[in-house]
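Counting from 1, the numbers follow the sequence of the chain as shown. Because only heavy atoms are used, hydrogens play no part in the values below, and waters and symmetry mates are left out as well, while side chains stay in.
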Amino acid sequence: MEINSINAAVLAKMFLNGAKNLESKKEWINELNVFPVPDGDTGTNMTMTIMSAAKEVSALDKPDMPSIAKAISSGSLRGARGNSGVILSQLFRGFTKVIGKETQITVPILSAAIQKAVETAYKAVMKPKEGTILTVARGAADKAAELAEETDDLVYFMDEVIKEAELVLKKTPDMLPVLKQAGVVDSGGQGLVVVLQGAYDALLGKEIDYTISAEPAAAVRKISKETEAEIKFGYCTEFIIVLNKSLTDDEEHRYKSFLESIGDSIVVVADDEIVKTHVHTNDPGLAIQEALTHGSLSRIKIDNMREEHQERVIKDSQKLAARQAAEEAAKEAESSAPSKEIGFIAVSAGEGLSEVFKGLGADYMIEGGQTMNPSTEDILNAVGRVPARHIFVLPNNKNIILAANQAAALSEEKEVHVIPTKTIPQGITALINFIPEQSVEENESRMMEEIKNVKTGQVTYAVRDTVIDDKEIKQDDYMGIGDKTILAVGRDLNQVTIEMIESMIDDEAAIVSIYYGEEITAEAAGAIASKISEKYEDLEVEVQYGGQPIYYYLISVE
């Protein structure tokens, strides 16, 4: 098959299928997170970003290139969540700057669009890091430029570009040691490859359902038998094959074809020694039996997705109800609140933490953080509800800063200032150091300086076995995670928490703040505070209810 040009209708199909392919594999991509935390969300963030654009594309009656370009760019920019989602939206933004001016896409035009996509995304990141989605995108762009001189066939062109992207993706562990230690490729890069693979399938004319649900990406469905029935294959099955001998291309193809015959959401990553496998199926035993013909198995993991789905929907329903109530209260407060010079928006997860921020003067709380990164549009909506000319945004999570910056750039009526707080304790410190009598510039400078003096520790549990910074971590271990690395690992929650806190304390430390999560009692948190106070008599130790999910304790040392 040879194709020399693509019209708007074909481009729309390619984009929609790239989005659906990513959606089908988002949980697997989530699990590629370097830190084995229970809230790895790269796949979710990228999916919600691209689905925001896909809904706009699917709503077009008679799409042409300019309207598709606008839908992709606007939808992804406003729906962008997390660093990976923002970078993906910037790739789309650059891509659409080129294709929006055309009526047909040829190899030279597609190559130019890919170059512009990478250029735009690199400019959007202050300190680009290699071994990430950016590296994979640049590898694809370099190959595209090379192929543009050799061929007019879009089928051959895309196939070779994707092969190059896959090759670069396999090399990401050699560029980032933390990936190599964790035994994973870059999750954002994997997400990009999945989008390209879906688009390529549509170009080949494979039979695909291009329907995109009009339901908002973050909406929650009611629990019912019908909802559970939507999960066609009930067991998420993963394992690694330690090969007896390297697979030939034909053997790898036959293996993938077998998995396709028993399930979906198939991801197979092979090298000379191992094959990582992910498949959703109703009979994990068949997948395991087939894999055993090629070698021995390790890291076998089988999850019942129907049970997990029920638990997740119940929790999401509770969160949605709380969020809707908060939004209604904010609307009522907004209608009666007087206009002022400076306002604050803070991102927070947990009733207690939100109360802390409100008590310090935050005007509007966005529910989010590690378990759900708010989108650029979520932040823009919050900006619209705060009656102030200048608004400080506290992302309180390193994975939300880019989305906040993007919202600031899109805000037209108000001046938005993003204080790049990477943790909840940094956000609290920023608010404490705000002085109403001083100027916006003076406050911004002081807050930026003061957040550098905060150390943060977080305690959660591991969802898989791995090794990070020479620390061997087993599934269900408790982990104390510092600002840059894992500080403590073990099977005893209290011991891990205390060990983490002690590693954060130095001669300059004066205050230790302990925020305990929704699963921790006040007595348990108090016991830890007492032990720290006994050992470090000169320190002030505070205990407050945070109510945060996933993380048993958030610790601040200043």
Side-chain angles (χ1 to χ4, degrees), residues 15 18-19 22-23 26 29-30 32-34 39-56 69 71-97 114 116-138 140-141 186-195 217-218 345 347 366 368-383 393-411 416-422:
F15 181 76
L22 178 61
E23 183 182 41
K26 66 181 178 183
I29 294 169
N30 283 342
L32 293 175
N33 191 45
V34 170
D39 56 352
D41 51 8
T42 299
T44 299
N45 284 336
M46 293 183 75
T47 296
M48 295 179 83
T49 299
I50 199 172
M51 279 299 173
S52 178
K55 287 178 176 67
E56 293 200 22
I72 293 173
S73 180
S74 175
S76 61
L77 281 172
R78 289 182 171 272
R81 295 174 187 265
N83 292 345
S84 55
V86 172
I87 292 171
L88 183 63
S89 74
Q90 290 294 327
L91 288 169
F92 289 147
R93 182 182 175 214
F95 182 85
T96 55
K97 282 181 180 178
I114 296 172
K116 190 66 174 177
V118 173
E119 176 189 328
T120 304
Y122 265 90
K123 284 181 179 178
V125 181
M126 287 186 64
K127 295 180 180 179
K129 184 181 291 186
E130 297 307 327
T132 66
I133 181 175
L134 290 170
T135 310
V136 176
R138 192 180 64 197
D186 178 67
S187 53
Q190 181 69 72
L192 179 61
V193 168
V194 166
V195 172
I345 294 170
V347 180
I366 300 176
Q370 290 295 99
T371 51
M372 174 58 71
N373 298 149
S375 68
T376 296
E377 187 162 29
D378 290 335
I379 298 170
L380 275 173
N381 289 339
V383 167
V393 177
L394 306 174
N396 300 333
N397 186 294
K398 64 182 180 181
N399 209 29
I400 301 174
I401 294 172
L402 282 181
N405 287 336
Q406 195 152 275
L410 292 172
S411 178
V416 177
H417 310 264
V418 178
I419 305 299
T421 51
K422 296 179 180 179

Minimal heavy-atom distance between Ala407 and Leu380, with the atoms involved, is O-CD2, 3.4 Å
Nearest heavy-atom approach of Ala382 to Ile366 is CB-CD1, 3.8 Å
So CD1 of Ile87 and CG of Leu134: to nearest 0.5 Å the spacing works out to 4.5 Å
Rounded to the nearest 0.5 Å, the CD1 atom of Ile419 sits from the CG atom of Asn396 at a distance of 11.0 Å
The reported gap from CD1 in Ile401 to CG in Asn373 (rounded to nearest 0.5 angstrom) is 11.0 Å
Across all chains, not counting sequence neighbours, the side chain to side chain donor-acceptor pair (under 3.5 Å) partners of Thr132 are none
Test side chain to side chain contact (heavy atoms under 4.5 Å, CB included), reference Asn399, set Val86, Thr42, Asn83, output is Asn83
query = So, the side chain of Asn30 versus the backbone of Thr44: is there a donor-acceptor pair under 3.5 Å, distance only?
reply = yes
In terms of heavy-atom contacts, Pro374 and Ala403 come closest through O-CB, 4.2 Å
So CZ of Arg81 and OG of Ser76: to nearest 0.5 Å the spacing works out to 13.5 Å
Of all heavy-atom pairs linking Met46 and Ser84, the shortest is CG-OG, 3.5 Å
In short, Ala137 meets Val118 closest at the heavy-atom pair O-CG2, 3.4 Å
query = Does the side chain of Ile345 come within less than 4.5 Å of Ile379's, by heavy atoms?
reply = no
Shortest non-hydrogen pair, Ile29 vs Gly191, comes out as CD1-CA, 3.7 Å
Rounded to the nearest 0.5 angstrom, the CG-CG distance for Leu88 and Leu77 is 10.5 Å
Those residues at least two apart in sequence (or on a different chain) that pass side chain to side chain donor-acceptor pair (under 3.5 Å) with Gln90 are Arg93, Gln406
message: Run the side chain to side chain contact (heavy atoms under 4.5 Å, CB included) test on Leu91 and Leu192 for me, step by step, so that the C-alpha distance in whole Å, both residues' side-chain angles and the decisive distance to 0.1 Å come before the verdict.
response: CA-CA 10 Å; Leu91 288 169; Leu192 179 61; 4.3 Å; yes
Applying side chain to side chain donor-acceptor pair (under 3.5 Å) to Thr135 and not counting sequence neighbours gives Glu130
Sorted by chain and number, sequence neighbours left out, side chain to side chain contact (heavy atoms under 4.5 Å, CB included) with Lys116 holds for Lys97, Val98, Glu119, Thr120
In this structure, CG of Leu22 is separated from CD of Gln190 (nearest 0.5 Å) by 10.0 Å
inquiry  = Would the distance check show the side chain of Thr47 and the main-chain N or O of Gly43 forming a donor-acceptor pair, the cut-off being under 3.5 Å?
reply    = yes
Ring pair (Phe, Tyr, Trp, His ring centres under 6.0 Å) filter on Phe92, not counting sequence neighbours, yields Phe15
Residues at least two apart in sequence or cross-chain that pass side chain to side chain donor-acceptor pair (under 3.5 Å) with Ser375, listed by chain then number, are Asp378
